[in-house]
2 protein chains.
Amino acid sequence: MATAREVAARAGTSTAVVSYVFNDGPRNVAPETREKVLRAAAELNYHPNALARALSFGKTRSIGLIVPDIANRFFGELARALEEAAAARGNLLLIGDSGLNPEREQSHVAAFVQRRVDSVVLVSLADDPDVAPFAEAAIPVIALHPLAAREGVSTISIDYKAAAGAATRHLLDHGYRTIAMFNGPSDSAGSRQHREGFELALSEHPEVAATIYNSQISRAHSAQVALDILARPDRPRAVYCSTDEQAYGVLFACHRLGLRVPDDVAVTGFDGTEHSAYSYPPLTTIRQPIPEIAERVVHLLTGDAANLPVYETAAFDLVVRESCGQHDESPAAP
Amino acid sequence: MATAREVAARAGTSTAVVSYVFNDGPRNVAPETREKVLRAAAELNYHPNALARALSFGKTRSIGLIVPDIANRFFGELARALEEAAAARGNLLLIGDSGLNPEREQSHVAAFVQRRVDSVVLVSLADDPDVAPFAEAAIPVIALHPLAAREGVSTISIDYKAAAGAATRHLLDHGYRTIAMFNGPSDSAGSRQHREGFELALSEHPEVAATIYNSQISRAHSAQVALDILARPDRPRAVYCSTDEQAYGVLFACHRLGLRVPDDVAVTGFDGTEHSAYSYPPLTTIRQPIPEIAERVVHLLTGDAANLPVYETAAFDLVVRESCGQHDESPAAP
DNA sequence: CTGAAAGCGCTTACAG
DNA sequence: CTGAAAGCGCTTACAG
């Protein structure tokens, strides 16, 4: 690979000027000199070494993203949106996939510190992730989920409790009086907010029988749990799911058991990725504004760090489709 | 961030020794000295700067991955498997998502060259991607799809033609005599092989009426195309899809149109990600051996570059589920 | 407008 | 076993 030194030699100038040309500054370069440099660079196929540049400049122009599971559609859409927003500002997004393994997550934290990413977007597997390495390295972090302890870590997310309430209330408005909740596997801040929203909505309807179950965030496990619960004679009339993935598992179980959705069992999801419109039947769900969140996050992370930390709430939508029941003008008892 | 110099000073030794300790070589270090270094490093919270290390060492211990769309489950599972295999060898996987945008793909090529990844795993949007920048930088590339021109670029993939033939033959064995093919959008080497395998299988059955359609690799678009085709009176009895995503779109269209799968329309997919087992009905599909391919790719890429290029074929499975028809012992006409 | 030189934080022959 | 020093390929005050 050609170096700036070689380009400079061929152009009959110095490495300083090569740098000025490729960075459009910080000094001006005479038009002819610039031309000569560009020509020499093209002839030698010069690609500035980003490592050396970063080492010298002190910034890598890269943002690290840590997600629990990149194969999960929600995180895939998130990564795509962040990548786009980052690229628009000349930044590279480095994706670290934890693969649902907390140790892997920690190793990504270490890797990102060592690679000196400028900032980090974190969706942790842990309720209270250890972000000390980032703090010590003065690397700003924005978490996209509720954190147990907010010690200086920025947070941008929807109001899970309010969203959970909205979905639950929609089920209640349909007239369903036995409702199961499929919540996430652990007692995390996130699942706690789901539960609080769910229970708050139900508290207005003391006659409603509700049960809370936990399942992993995967179709496979959710299906397994649902297969058991929905086969019982006292199966719930409606199921609130804390993720679309879990909802797909419940839909699968319904089909397996010959139960019709929404006629026998109503289902709502949560996250609202594009695929939720293509399930059978299409899924009623809470849509998270992924592009807006991504744009906002990258804006903050590439801007003045003095504006951080930040604790922001993004707006969500309840997207009503067919999995929860008829869309009557009057959403009364079916 | 503490530097090796500061650690050395605190430990009363030199940066060379700090390096020897953190790299376990290339020179030995006396046990007490090592202890002192480790203690000083811990006290100062030292994290070696990977950029400086890479600049000096000449290797970044990172592998670049370029995929067409990270939100597509197939590429998500691929990224997850590659990440795992890379991590097992102390390498970081950098994921570049092209977001179905060829320009973005090219910018990832440039970014990876500038960041001096040690090697690249490529799934291109183009039939004949421009990998010259990698060649010039002496960065080995393994493509995971058939390439139009094999000019020195390694390739590891299943035999698409044989797999397409297997799926098509399965449909024929069920007795279906009008079969539509949903192929990818472009005239790429990949879609050509799908078509060849499809047509070769059909050539043994001149009585079969087959039509080939093209759709993008997305549920949304495939559903749209299928909604049109399957609403016609002369709709096909079976649909061969060149990806699971397209198959999900076809399933959606069937449900929308009130057609039963497989009783009215049989469907097969291609790729065989985990989700194919949870569709309604579960999808008959060709399963690609993602973990094996990932393992093999990373093994080759982190090994001796003299072994490259390589042109390998991985084994596939035909996974028979319910979307194609009854699983009788005797797969005859239904 | 341009160049010589120091410095970013490591690694590694080379001496000792 | 250990250290002084050169070098990886850039950027950027500092002079001119």
Side-chain angles (χ1 to χ4, degrees), chain A residues 1-38 40-41 44-62 90 111 113-118 136-138, chain B residues 1-38 40-41 44-62 90 111 113-118 136-138:
Chain A
M1 293 246 55
T3 68
R5 175 183 304 273
E6 299 174 67
V7 173
R10 186 175 192 105
T13 182
S14 70
T15 60
V17 170
V18 173
S19 171
Y20 299 153
V21 169
F22 273 82
N23 295 303
D24 266 329
R27 304 273 158 264
N28 280 329
V29 175
E32 317 91 89
T33 314
R34 154 172 266 109
E35 265 313 308
K36 277 192 285 191
V37 168
L38 257 15
L44 293 172
N45 233 297
Y46 172 64
H47 295 274
N49 183 322
L51 276 61
R53 180 201 291 241
L55 183 60
S56 181
F57 186 63
K59 287 242 163 281
T60 53
R61 295 182 77 83
S62 60
V113 170
Q114 292 185 183
R115 273 161 211 271
R116 304 295 194 267
V117 296
D118 297 333
E136 284 155 11
Chain B
M1 294 248 51
T3 67
R5 173 184 307 273
E6 298 174 68
V7 173
R10 187 177 193 103
T13 181
S14 70
T15 60
V17 170
V18 173
S19 171
Y20 300 153
V21 169
F22 273 82
N23 295 303
D24 266 330
R27 304 270 159 266
N28 280 330
V29 175
E32 315 92 89
T33 316
R34 152 171 268 110
E35 264 315 305
K36 278 192 285 190
V37 169
L38 257 15
L44 293 173
N45 233 296
Y46 171 64
H47 295 275
N49 183 322
L51 278 60
R53 180 201 291 242
L55 183 60
S56 181
F57 186 63
K59 287 241 161 281
T60 53
R61 293 184 76 85
S62 60
V113 169
Q114 292 185 184
R115 275 163 209 269
R116 305 294 194 266
V117 296
D118 296 333
E136 284 154 11

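Labels below follow one simple rule: chain letters A, B, ... track the order of the sequence lines, proteins then strands, and each chain is numbered from 1. Small disclaimer: the values here were computed from a predicted structure and weren't measured.
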Item to complete: Might you confirm whether atom CZ of Phe22(A) has over 12 heavy atoms from other residues, nucleotides or ligands at distances under 6.0 Å?
Response: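 It does: Phe22(A) CZ has more than 12 such atoms within range.
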With a 4.5 Å cut-off on side-chain heavy atoms, are [Y] and [X] touching?
X         : Y        : value
Arg61(B)  : Arg53(B) : no
Lys36(A)  : Thr13(A) : no
Arg115(B) : Thr60(B) : no
Tyr46(A)  : Val18(A) : yes
Asn45(B)  : His47(B) : yes

So if I take every side-chain heavy atom of [X] and compare against [options], which nucleotide ends up nearest?
X        : options                   : value
Ala4(A)  : dT2(C), dC10(D), dG9(C)   : dC10(D)
Asn23(A) : dC10(D), dC10(C), dT11(D) : dT11(D)
Ser14(B) : dG3(C), dG3(D), dG9(D)    : dG3(D)
Tyr46(B) : dC8(D), dC10(C), dT12(D)  : dC10(C)
Thr15(A) : dC10(C), dT11(D), dC1(D)  : dT11(D)
Pro26(A) : dG3(C), dG9(D), dT12(D)   : dT12(D)
Tyr20(B) : dG3(D), dG9(D), dC10(C)   : dG3(D)
Val29(A) : dT2(C), dG9(D), dG3(D)    : dT2(C)
Ser56(A) : dT2(D), dC10(D), dC8(D)   : dC10(D)
Ala16(B) : dA4(D), dG9(C), dT11(C)   : dA4(D)

For the pair made of [atom1] in [X] and [atom2] in [N], what is the distance, rounded to whole Å?
X         : N       : atom1 : atom2 : value
Arg53(B)  : dT12(C) : CZ    : C1'   : 13 Å
Arg27(B)  : dC14(C) : CZ    : P     : 10 Å
Asn28(A)  : dG16(D) : CG    : C1'   : 17 Å
Arg115(A) : dC10(C) : CZ    : P     : 14 Å
His47(B)  : dC8(C)  : NE2   : C1'   : 19 Å
Lys59(A)  : dC8(C)  : NZ    : P     : 16 Å
Phe57(A)  : dA13(D) : CZ    : C1'   : 14 Å
Lys36(B)  : dC1(D)  : NZ    : P     : 14 Å

Worksheet item: Mapping Leu55(B) and Thr33(B) onto DNA chain D by nearest heavy atom, which one lands closer to the 5' end?
Response: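 The residue closer to the strand's 5' end, by nearest nucleotide, is Thr33(B).
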Worksheet, complete the sentence: Judged by nearest nucleotide, the residue sitting upstream toward the 5' end of DNA chain D, Arg116(B) or Arg34(B), is Arg34(B)
Item to complete: Measure the CE-CG distance between Met1(B) and Asn49(B) for me, rounded to the nearest 0.5 Å.
Response: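 Between atom CE of Met1(B) and atom CG of Asn49(B) there are 9.0 Å.
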Worksheet item: Can you tell me which stems DNA chain C forms when a stem means 3 or more consecutive Watson-Crick or G-U pairs under 3.5 Å?
Response: C:1-3 with D:14-16, C:5-12 with D:5-12, C:14-16 with D:1-3
Discussion item. Can a donor-acceptor pair be found, under 3.5 Å and without considering hydrogens, that links the side chain of Glu6(B) to the backbone of Thr3(B)?
Written reply: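 Yes, Glu6(B) side chain to Thr3(B) backbone: donor-acceptor pair under 3.5 Å.
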Discussion item. What's Ser19(B) touching, base or sugar-phosphate or nothing? Going by heavy atoms closer than 4.0 Å.
Written reply: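 Base contact.
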